[in-house]
Structure formats: structure tokens, C-alpha cells
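Predicted, not measured: the structure shown is a model, and the values here were computed from it.
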Amino acid sequence: MQEKASVVGMDKFCKNSFDAFFQKIPFLWLKKLLDRNNIDLNEKSVLIAGCGIGRDIYHLQDFYKFDRLYASDISIDSLKSTISSFPLAKGVIVDNQRLGLETDSVDYVFVGTSLHHLKEPLRGLYELLRVAKKGLIVMEPNDTWLTRLFEKLGLAQEYEIEHKNYVYRFRKREVAKISNALFFKYDLCRFFATHRAPTTKIEFCALKIIHRLSNLFFPSFGNHIVFIIKKEKLLPRCLQAK
């Protein structure tokens with residue numbers, strides 16, 4: 001089992017308690033999605049692809065205790081940082097577009113806000129799905145008219161200058177087409193989650209109210225999408241043997 005990061009280690013992943021609250025929101029939606037699909041990551045082998053410094057592991061461990069935990073990243077410095085916080089995780093230096101790992105080598109693969117950094121995001125998605133025996137869990141930016149409007153207004157990035165990449169956003173129809181083409185089952189949810197870390201109590205309360213109202217009434221317009229592609233065959237009725 002992986003070890004829980006220390007209280008001191010929390011400072012490595014969150015700027016303050018307000019930031020920790022909002023960082024947790026996507027993972028609460030993820031847990032809800034997996035629960036309604038009867039997917040339990042406890043005692044499973046899981047690869048955290050594009051692990052960065054280990055922030056995804058930090059939040060996932062609040063819900064799950066994995067049997068075998070693997071972390072991969074193209075940056076050796078990021079991978080070293082993750083292993084230093086979670087020493088029981090096995091690290092692998094790989095490119096998500098060309099993993100070089102065996103097919104069906106882990107139960108589940110999780111990739112969080114990493115595919116949109118790739119020049120070929122769909123190649124990365126198919127590679128990660130190949131490695132997963134039971135399913136691929138993805139958390140990425142959501143493509144809606146609202147996010148495209150924010151891009152034009154300069155409130156959302158079309159290109160990330162720091163990483164020098166186009167921000168590839170996924171949409172519901174795209175997930176459906178990918179899954180249907182493979183005859184795999186899928187499910188997804190969309191929601192709002194801020195990247196902004198509040199610094200005052202007033203700012204925190206205001207953002208909290210905005211998020212709750214937005215996710216209550218307009219979740220499909222949110223800036224995040226979480227989806228699971230399950231490697232369970234689902235033949236459409238027209239192709240089933242009669």
C-alpha cells in the first residue's frame with residue numbers, strides 16, 4: 001500500500017487550506033463517477049500517468065489504497081519528486097505517446113490534466129488505454145462554447161506558454177465516438193473547478209458560492225471533464241448476432 005503523505009507534505013501540493021479545498025473538487029467528482037460505475041480502485045494496480053510532482057496521488061489516496069502503484073512522467077525531476085513523497089510508488093520515465101509498457105499491464109490507468117500537454121493527445125489516450133486492463137480514467141479540460149468564449153476574452157489559455165503547448169480540450173461527443181469505435185463502455189461528468197488559489201476568507205467564500213451554484217445549475221458548461229473508458233465490450237444491437 002502507498003504511504004499517506006505527511007502533514008508537512010501538504011505544503012508541497014497546496015498553497016493554503018483554501019487552495020486544498022478547490023483542488024479536491026475534481027477528485028470528488030471523479031469518486032462520484034467511479035462509484036456510479038461500481039469501480040473501486042482499492043487493492044487494484046494503478047498507473048498514474050504524467051504524475052508531475054505527485055499531486056494526483058496526494059488527492060486520490062484520500063479515497064483509495066492501491067495494491068500496486070506506479071507513477072510515470074517524462075521528467076526525471078518530477079518523478080523523483082513524486083517518489084520522495086510516495087516511496088512505495090514505482091517510477092517509470094516514459095512518454096505518454098509511446099509508453100513501451102506491456103498491454104494490459106495494470107488494472108487501471110489514471111491521467112490527470114496531462115494529455116492536453118501532448119502534441120498528439122489522442123495518440124497518448126490510445127496508448128494509455130492499451131496499457132490498462134480494465135479501464136482508463138481521464139481528467140482534462142472540457143471543451144464548451146463557454147471555455148472558447150473565455151479564450152477569446154483572455155480568461156482562459158488557448159496555448160500554455162510555460163509548456164509551449166496547445167491546450168487540447170475534450171468534449172462529450174469526442175469521448176463517445178472514441179469509445180463507440182472501440183465498442184467499449186464509457187461514462188463521464190463535467191463540472192466547474194477553479195485553478196485560482198484564494199488568499200482571503202472573503203475570496204474563498206465568494207468562489208465557493210459561485211462553484212456550488214454553477215455546478216448545481218450548469219455543470220455541463222464547466223471547465224473540467226472526467227471520463228472513464230471501460231474495457232468492457234458493448235456491441236450495438238444492430239451488430240449483435242441474431
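- Between the side chain of Asp56 and the backbone N or O of Cys51 there is no donor-acceptor pair closer than 3.5 Å.
- Around CD1 of Ile202, the count of heavy atoms belonging to other residues, nucleotides or ligands within 6.0 Å does not exceed 12.
- For Phe192 and His211, the ring centers sit 6.0 Å or farther from each other.
- Considering only residues two or more places apart in sequence or on other chains, Phe170 meets the ring-ring contact (aromatic ring centres under 6.0 Å, His included) condition with Tyr168, Phe227.
- Under the ring-ring contact (aromatic ring centres under 6.0 Å, His included) criterion, Tyr159 pairs with Tyr166, sequence neighbours left out.
- Side-chain contact between Leu129 and Ile229 is present, with at least one heavy-atom pair separated by less than 4.5 Å.
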Could you walk me through whether Lys208 and Phe21 pass side chain to side chain contact (heavy atoms under 4.5 Å, CB included), step by step?
-> CA-CA 9 Å; Lys208 187 176 180 180; Phe21 175 87; 3.7 Å; yes
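- In this structure, the side chain of Asn16 does not engage the main chain of Ala197 through any donor-acceptor pair within 3.5 Å.
- The pair Glu140-Arg171 does not meet the salt-bridge criterion, since no charged nitrogen lies less than 4.0 angstrom from a carboxylate oxygen.
- Within the 4.5 Å cutoff, the side chain of Val46 has no heavy atoms near those of the Asp107 side chain.
- Between Ile228 and Leu136, every side-chain heavy-atom pair lies at or beyond the 4.5 Å cut-off.
- Once rounded to the nearest 0.5 Å, the distance linking CD1 of Ile225 with OG1 of Thr144 reads 10.0 Å.
- Not counting sequence neighbours, His116 has no partner by the ring-ring contact (aromatic ring centres under 6.0 Å, His included) test.
- Residues Asn142 and Arg169 form no side-chain contact, since every pair of their non-hydrogen atoms from C-beta on lies 4.5 Å or further apart.
- Separation of atoms SG (Cys189) and NZ (Lys32) is listed at 7.5 Å; rounding is to 0.5 Å.
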Could you go step by step and tell me if Ser220 and Arg190 meet the side chain to side chain donor-acceptor pair (under 3.5 Å) rule?
-> CA-CA 5 Å; Ser220 63; Arg190 295 162 291 176; 4.7 Å; no
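- A salt bridge links Lys31 with Asp35: the closest approach of a Lys/Arg side-chain nitrogen to an acidic carboxylate oxygen falls below 4.0 angstrom.
- Under a 3.5 Å cut-off, the side chain of Thr82 and the backbone N or O of Gly52 do form a donor-acceptor pair.
- For the residue pair Ile178 and Leu125, the shortest heavy atom distance occurs at CG2-CD2, 4.1 Å.
- Using a cutoff of 4.0 Å between basic side-chain nitrogens and carboxylate oxygens, Lys231 and Asp104 are scored as salt-bridged.
- In this structure the side chain of Leu128 never reaches within 4.5 angstrom of the side chain of Tyr126, judged on heavy atoms.
- Using a 4.5 Å cut-off on side-chain heavy atoms (C-beta onward), Gln23 and Asp19 make contact.
- His195 and His224 have tilted rings, their planes meeting at an angle from 30° to 60° on a 0 to 90° scale.
- Under a 4.0 Å N-O distance rule, the pair Glu102/Lys133 does not qualify as a salt bridge.
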Check the pair Ser179, Lys185 against side chain to side chain donor-acceptor pair (under 3.5 Å), reporting the backbone distance first and the verdict last.
-> CA-CA 6 Å; Ser179 303; Lys185 298 179 181 179; over 6 Å; no
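- Using modelled atom types, no side-chain atom of Lys65 and backbone atom of Leu41 make a donor-acceptor pair closer than 3.5 Å.
- In this structure the side chain of Phe221 reaches within 4.5 angstrom of the side chain of Leu146, judged on heavy atoms.
- Taking 4.0 Å as the cut-off between side-chain N and carboxylate O, Arg196 and Glu203 count as a salt-bridged pair.
- Between the side chain of Thr147 and the main chain of Asp143, no donor-acceptor pair closer than 3.5 Å is present.
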Side chain to side chain contact (heavy atoms under 4.5 Å, CB included) between Phe63 and Leu34, intermediate numbers included | CA-CA 11 Å; Phe63 307 112; Leu34 296 186; over 6 Å; no
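- Within a 6.0 Å sphere centred on CZ of Arg98, other residues, nucleotides and ligands contribute more than 12 heavy atoms.
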Does the side chain to side chain donor-acceptor pair (under 3.5 Å) test come out yes or no for Asn37 and Asp187, once each step is laid out?
-> CA-CA 8 Å; Asn37 284 276; Asp187 195 9; 2.9 Å; yes
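- Within 6.0 Å of atom NZ in Lys172, 12 or fewer heavy atoms from other residues, nucleotides or ligands are found, so the atom counts as exposed in its surroundings.
- Using a 4.5 Å heavy-atom cutoff, the side chains of Phe13 and Ile53 are in contact.
- How far CD1 of Ile137 is from CZ of Phe110: 7.5 Å, rounded to the nearest 0.5 Å.
- Note: the hydrophobic cluster containing Phe86 also contains Ile48 (ILVMFWY, side chain heavy atoms under 4.5 Å, direct or indirect links).
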Test log, rule side chain to side chain contact (heavy atoms under 4.5 Å, CB included), inputs Arg55 and Cys14 | CA-CA 9 Å; Arg55 185 175 286 111; Cys14 310; 6.0 Å; no
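- For Phe204 and Phe22, the ring centers sit closer than 6.0 Å to each other.
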